[in-house]
Amino acid sequence: MIDLNFIGRFRTKAKYKKTYKDAKISYLNRIRWAVSMFYFGMGLCFATWASRIPDIKTALHLSDGHLGTILFALPMGQLVIMPLSGKLVTKFGSHRILIFSLLFYVFSLTNLGLATQAWQLSLGLFVFGIFGNLANISVNTQGVYTEELFKKTIMSSFHGMWSLAGFTGALVGLGMLALELTPYQHFLIVASIVLLMIGFNFKFLIKAKETIQTEKKKLFTKPDSALIFLGIIGFCCMASEGVMFDWSGVYFKDVIKAPGPLVILGYTSFMIMMAGGRFFGDGLIHKFGRKPVIQISGIMISVGLFTSVFFPYIIPSTIAFMFVGLGVSTIVPTLYSIAGKNPTVPPGEALTIVSSVSFLGFLMGPPIIGYIAEISSLRFSFAFIGVFGFLIALMVTKIKAIE
């Protein structure tokens, strides 16, 4: 057994000794910036790995099928640690787990650049997935705490930082390729940057003790039904998001018949609108409320996907993918915000439940598209996923916690 009690030694001395409730707005803004930097650091690590997948594939002489099998190790690592993530965050505190997990996430990233055999890459991705999930649960718990301090919705802006890091990671990757640096050299440089981010910001993480029920619990207990319902909505959203990540380029190439560089137009338009929507989403939620925004977002997902199916041409499909990007931008951050305020379950455990169910959509959506496309066509499979947006708009009306 691994002794995790040493995590408790990561104690940070906050400069501000008053309670967070009485803190000045300047200090609260510093907290918000610090949490944003942890979101950015996580996104930068993931985007850095993704930017060098083709080079690692070539270096290890992997076929498309073999690479697909190896890449599955990352979500497997995430799924394996999910049952423990919330409990660790609740027991040791999200600020300690976030520091611990992001440090090892960075270390795991550099190890991916050292892989010389397929099994080494698989093992590295499995570990990368474990610490990625721990960091994900703990950083979103910090996001919930920060949002509570500001007394307004700001979760979407945090996820916007993750999306912005995705663009940054892709641009940095292009630069590293131009300089002809190896993946390991590239990963070391990014790791150094993220370590600096941790060093400048870890003192400003929120140190809050979650309420833990003292009565003895069974190993397997029935989760809160409201959280499961939030997870199902997240499943539909992340299935749509996963499809856009993995299949938008293929759709533009095989269905739209986009020439040359325009193949990436669909993916680029989706990513730009998703990132932009997350930065503007908080203002919309504050003005119109969570429920209307999620309902409209779900409809936008469906309208976008069905538009691309019925009008498979460059301009209509580019606009359609922009609609999908806007649609998925605010749903998951909003669901996390709602889950973190559940009155009966600690934030870390509530986020684990919702993210576990949601993540299955991200994991299963792309393969489902492939199977349906194999039986019928890629256009029909996109239409199938398009139904999920309408389901989101319908299901959100059934949850009382969403206002």
Side-chain angles (χ1 to χ4, degrees), residues 50 53-54 57 62-72 74-76 166 170 232-274 277 295-329 331-332 357-395:
I53 290 176
K57 175 178 179 289
L62 301 174
S63 65
D64 291 340
H66 198 182
L67 176 64
T69 301
I70 291 173
L71 292 177
F72 194 68
L74 193 153
M76 284 302 298
I232 294 173
I233 295 175
F235 177 97
C236 293
C237 178
M238 293 197 74
S240 305
E241 185 177 336
V243 165
M244 296 303 292
F245 273 113
D246 290 2
W247 288 95
S248 57
V250 178
Y251 194 86
F252 259 62
K253 181 180 179 181
D254 296 345
V255 177
I256 308 300
K257 305 296 182 183
L262 293 183
V263 167
I264 67 169
L265 188 59
Y267 174 79
T268 304
S269 63
F270 165 77
M271 285 295 296
I272 289 174
M273 297 310 289
M274 183 176 72
Q295 287 174 323
I296 294 172
S297 296
I299 293 172
M300 290 180 71
I301 292 173
S302 291
V303 169
L305 287 170
F306 281 117
T307 298
S308 67
V309 170
F310 291 116
F311 302 97
Y313 310 105
I314 289 182
I315 294 178
S317 293
T318 299
I319 296 173
F321 281 21
M322 292 171 71
F323 267 75
V324 179
L326 278 175
V328 303
S329 63
I331 294 177
V332 170
V357 179
S358 300
F359 184 74
L360 288 176
F362 195 81
L363 182 65
M364 296 173 61
I368 289 174
I369 281 285
Y371 297 143
I372 296 176
E374 189 74 22
I375 297 173
S376 56
S377 67
L378 192 56
R379 289 176 67 187
F380 182 80
S381 60
F382 265 58
F384 175 80
I385 297 296
V387 177
F388 285 10
F390 290 131
L391 289 177
I392 291 171
L394 178 63
M395 287 188 293

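Note that the coordinates shown come from a computational prediction; the quantities given were computed from them, not determined experimentally.
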Which atom of [X] lies closest to which atom of [Y], heavy atoms considered:
| X | Y | answer |
| --- | --- | --- |
| Ile299 | Ala393 | CG1-CB, 4.1 Å |
| Gly327 | Ser297 | O-CB, 3.1 Å |
| Phe380 | Ser376 | CD2-OG, 3.3 Å |

What distance separates [X] [atom1] from [Y] [atom2], expressed to the nearest 0.5 Å?
| X | Y | atom1 | atom2 | result |
| --- | --- | --- | --- | --- |
| Ile301 | Met244 | CD1 | CE | 10.0 Å |
| Ser240 | Ile331 | OG | CD1 | 8.0 Å |
| Ile392 | Cys237 | CD1 | SG | 5.0 Å |
| Ser358 | Glu241 | OG | CD | 10.5 Å |
| Met271 | Met274 | CE | CE | 4.0 Å |
| Phe321 | Ser269 | CZ | OG | 7.0 Å |

Side-chain donor-acceptor distances from residues 304-320 under 3.5 Å, at least two apart:
residue	atom	partner	partner atom	Å
Thr307	OG1	Val303	O	2.6
Ser308	OG	Leu305	O	2.7
Ser317	OG	Phe311	O	3.2
Ser317	OG	Tyr313	O	3.0
Thr318	OG1	Ile314	O	2.7

All side-chain contact (heavy atoms from CB on, under 4.5 Å) counterparts of Ser381, not counting sequence neighbours: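 In terms of side-chain contact (heavy atoms from CB on, under 4.5 Å), with neighbours along the sequence ignored, Ser381 is linked to Ile369, Ile372, Ala373, Leu378.
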Residue Phe323 excluded, over 12 heavy atoms near CZ under 6.0 Å: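 Result for CZ/Phe323: open.
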Criterion side chain to side chain contact (heavy atoms under 4.5 Å, CB included) on Ile296 and Met300, from CA distance to verdict: CA-CA 6 Å; Ile296 294 172; Met300 290 180 71; 4.1 Å; yes
Contact check, side chains of Phe270 and Val328, non-hydrogen atoms, under 4.5 Å: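 Side chain of Phe270 against side chain of Val328, heavy atoms only: contact under 4.5 Å found.
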Note, Val243 side chain near Val324 side chain (heavy atom, < 4.5 Å):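 Counting from C-beta outward, Val243 and Val324 never come under 4.5 Å.
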With sequence neighbours excluded, residues passing ring pair (Phe, Tyr, Trp, His ring centres under 6.0 Å) with Phe235: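 Here no residue qualifies.
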